[in-house]
Each structure stands twice: as C-alpha cells, then as structure tokens.
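Just so you know, ligand 1 is whichever comes first in the structure, and atom 1 is the first atom listed for that ligand. Numbers here are sequence positions counted from 1.
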Amino acid sequence: MNSEPIVEIKGVSKTFTDSHNNVHALTNVDLEFWPSTFNVIIGPSGCGKSTLLYLVAGFETPTTGQVILNGEEVKEPGPDRGFVFQDYALFPWRTVLGNITFGLTNNGWKRKEAIERAREYIRLMNLEGFENAFPHTLSGGMKQRVGIARALAYDPLVLLMDEPFGALDAQTRKYMQQELVRIWQETKKTVLFITHSVIEAVYLADRIVVMTARPGQVKGIVDVDLPRPRNYTGDDYLEVREKVLSLLEEEVAKGIKDSLASDNTLFTD
Ligand code: ADP
C-alpha cells in the first residue's frame, strides 16, 4: 500500500466494568485500514466487533491505546464517520426525506441544501418515490437503504456498518450486498463492515479481519483479490472462504460454520 492508512487502531484494549465484574471485550488490537478499501470484520458473537466499530465511531473510548482517523485521535463522534445500524435506528415519526435531512440540519445545514443533498442520496439508493413514506411502511431492505443514505449524506470519510444486513431475509440480503458493492464503487468510501457470515465477507471485502473469541484479538487477515462482480460459488471464491474458516480456532469456527449453514439459503437462486 503506498498511501497512509485512514484509520489506525493502535494497541487498543477495551474493558467494560460494572459493579460486579470486568468484561474484557478487546485486547491489544492493532489494525490499519486504507482509503477507499472495503474491510470486513468477522468473528463469533461477543468477540468485540461492535465495540471495535463503536471505538472508531467515538461512541466508546478505548481503555488503552488509540484510534486515529485521518491522522487525528478519535475522541467523540463526528460527521466524518457515518454509522449504519443493524436495526436501522430510523426515526419512526419522520419520513424518509426527514430521516436523511435530520442530521444535516442538526449539524448546521440550511434546510434547502439539506433537502438537495438528501435527494441526491435518495437517488443513489434507489429510493425515489418514497421520499414521504414513513419507516413503518417500508420493508427491511428499504429501511436499510434509508439508513445507508442517511450515513452517506454527510459525505463521511469512513462508513461504519454494524451487521447491516443481519436482520434481512436471505434474498434481500443478497440483493443488498450487490447494491452495497455498486454504491461503494460509486462513492469509493472506506468501509468497515461487521458480519458473522463468511459468505457475505468474501462477497464484499478487499480485506477480511478475522477476530478470535472474546477477548477479541486479531486472529489473522485475509486479502480478497477476486474480481467484481463476484459470485458465491466459484472455486476461487470457495478457496478464500476456506482460508477464512481455517483461520478460526475450533470453537470460533463452530460459531461461524453454524451461521454459514443458515446462510446457505443465499445459494438458492
Ligand atoms: P460482538 O459485536 O462481537 O458480538 P460486542 O462488541 O457487542 O461483541 O461485545 C463484546 C463483549 O463486551 C460482550 O461480552 C458484551 O457483552 C460486552 N459489552 C459490550 N458493550 C458493553 C457495555 N456497554 N457494558 C458491558 N459489557 C459490554
């Protein structure tokens, strides 16, 4: 890589403390992510994936170590990071347009400019015609399109996605994966994307970070040098998938293989 990393995780550990015990969510994580790359973080439930993303988002602070974004230490959330949640986290009382403009106007944008910007991302996400719809009238896939449009509307440096397709049915999930690749290729954002699905990881990623079971550490990194658009079944695809699986320890691999089994519906086209 000849450019500087846009996100650096330097010696990061995170321990949550309550009145009874300490939960070591992450230990000694060192990672670098380069501009305009699609990075997937994979690992079993509870290994600290969301915590890692929250640290980059600035929702949490590290117990030790630092998160550096574009050369500066992350101390709090900011519009240079867009966040997409698994459960969409849309405002139910706002329309599609209102959900996308809300953060912009709250950050000082003039209403007219916020609406123009929102319409741009409504077009990008194929949401035209749904500007005035309320979230409860939308399918899961449509809601997540709004979630992605809202995150991108700030034109952030980094797009943070926490299992964004985890709540979708298999067909919609596959479609959203294709859509996300299209959007990423158009916007060239740096993406950090969490999943527990190896199938999804290998379809999307330039680079897959495999985490160990809690306390989460980096088990290994797999570069995915497959041309796009990818399919889910080619020999080269399956080879990378095996590489990711083999990086995981037995109990970790079991968790992943379970989810793999349930994701096999992705093949039923
Ligand atoms: P993952 O996203 O890989 O499923 P998380 O990052 O959500 O894992 O959680 C890692 C561990 O940290 C889990 O054991 C979880 O219960 C714990 N944890 C996460 N957030 C908190 C919190 N705010 N307070 C206490 N424990 C937490």
Side-chain angles (χ1 to χ4, degrees), residues 7-31 33 38-67 69 74-77 81-89 140 144 147-148 151 158-168 173 176-177 180 190-202 204-205 207-222 244-245 247-263:
V7 178
E8 294 168 84
I9 316 259
K10 290 185 163 177
V12 163
S13 299
K14 178 68 181 176
T15 301
F16 293 103
T17 306
D18 63 25
S19 49
H20 301 295
N21 50 34
N22 291 332
V23 177
H24 300 292
L26 294 170
T27 322
N28 259 329
V29 176
D30 285 298
L31 279 170
F33 299 102
F38 200 121
N39 304 276
V40 170
I41 299 158
I42 191 165
S45 289
C47 75
K49 302 183 294 297
S50 295
T51 302
L52 189 64
L53 223 57
Y54 287 3
L55 291 168
V56 179
F59 300 155
E60 299 278 359
T61 50
T63 308
T64 61
Q66 284 181 314
V67 177
L69 174 71
V74 169
K75 304 240 186 219
E76 58 190 2
R81 283 143 291 158
F83 204 98
V84 179
F85 299 88
Q86 178 175 349
D87 62 0
Y88 324 119
Q144 201 53 295
I148 296 169
V158 182
L159 186 61
L160 306 169
M161 309 186 81
D162 192 359
E163 289 214 46
F165 306 148
L168 303 178
R173 184 170 188 164
M176 288 300 287
Q177 289 165 1
L180 182 58
T190 308
V191 179
L192 273 59
F193 181 108
I194 288 179
T195 187
H196 65 272
S197 162
V198 180
I199 292 174
E200 185 163 81
V202 182
L204 293 173
R207 212 156 142 261
I208 301 175
V209 177
V210 182
M211 306 281 294
T212 65
R214 187 161 62 85
Q217 287 178 302
V218 178
K219 173 83 179 169
I221 292 177
V222 176
V244 175
L245 284 169
L247 262 177
L248 302 163
E249 290 170 327
E250 229 175 76
E251 83 275 23
V252 181
K254 185 178 175 306
I256 296 290
K257 277 179 175 150
D258 287 348
S259 67
L260 193 62
S262 64
D263 281 352

Nearest-0.5 Å distance that lies between atom CD1 in Ile9 and atom CG in Asn28
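These two atoms lie 13.0 Å from each other.
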Roughly how far apart are Lys14 NZ and Thr61 OG1, rounded to 0.5 Å?
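With rounding to 0.5 Å, NZ (Lys14) is 4.5 Å from OG1 (Thr61).
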Closest protein heavy atom (residue, atom, distance) for [atom]:
| atom | value |
| --- | --- |
| atom 8 (O) of ligand 1 | Gly48 N, 3.2 Å |
| atom 7 (O) of ligand 1 | Ser50 CB, 3.7 Å |
| atom 12 (O) of ligand 1 | Ala25 CB, 3.6 Å |
| atom 27 (C) of ligand 1 | Phe16 CD1, 3.3 Å |
| atom 4 (O) of ligand 1 | Gly46 N, 2.7 Å |
| atom 15 (C) of ligand 1 | Val23 CG1, 4.7 Å |

For ligand 1, is any non-hydrogen atom under 4.0 Å from Arg214's backbone (N, CA, C, O), its side chain (CB onward), both, or neither?
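The answer is the side chain of Arg214.
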Measure Thr51 to ligand 1 on non-hydrogen atoms and call it side chain, backbone, both or neither using the 4.0 Å cut-off.
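For Thr51, backbone and side-chain atoms both sit under 4.0 Å from ligand 1.
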Need the ligand 1 atom indices (1-based, order shown) with element for anything under 4.0 Å from a heavy-atom of [X].
| X | result |
| --- | --- |
| Cys47 | 1 (P), 3 (O), 8 (O) |
| Lys49 | 1 (P), 2 (O), 3 (O), 4 (O), 6 (O), 8 (O) |
| Ser45 | 4 (O) |

Main-chain N/O of [Y] paired to [X] side chain as donor or acceptor, under 3.5 Å:
| X | Y | value |
| --- | --- | --- |
| Thr212 | Gln217 | yes |
| Arg81 | Ala57 | yes |
| Lys49 | Ile41 | no |
| Glu60 | Thr51 | no |

ring-ring contact (aromatic ring centres under 6.0 Å, His included) partner of Tyr54, the single match among Phe85, Phe16, Phe59:
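For Tyr54, the ring-ring contact (aromatic ring centres under 6.0 Å, His included) check succeeds only for Phe59.
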Min heavy-atom dist Pro44 to ligand 1 below 4.0 Å:
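Distance cut 4.0 Å: Pro44 passes for ligand 1.
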Would you call Gly43 a ligand 1 contact, heavy-atom distance under 4.0 Å?
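Heavy atoms of Gly43 never come under 4.0 Å of ligand 1.
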For Asn22 and Thr15, test the side chains for any donor-to-acceptor distance below 3.5 angstrom and give the result as yes or no.
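Asn22 vs Thr15: no donor-acceptor pair found between side chains.
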Would you mind reporting whether Arg173 and Ser197 have side-chain heavy atoms less than 4.5 Å apart?
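Yes, close enough: below the 4.5 Å cut-off.
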For Glu60 and ligand 1, does the shortest N/O to N/O distance drop below 3.5 Å?
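No, since none of the N or O atoms of Glu60 sits under 3.5 Å from an N or O of ligand 1.
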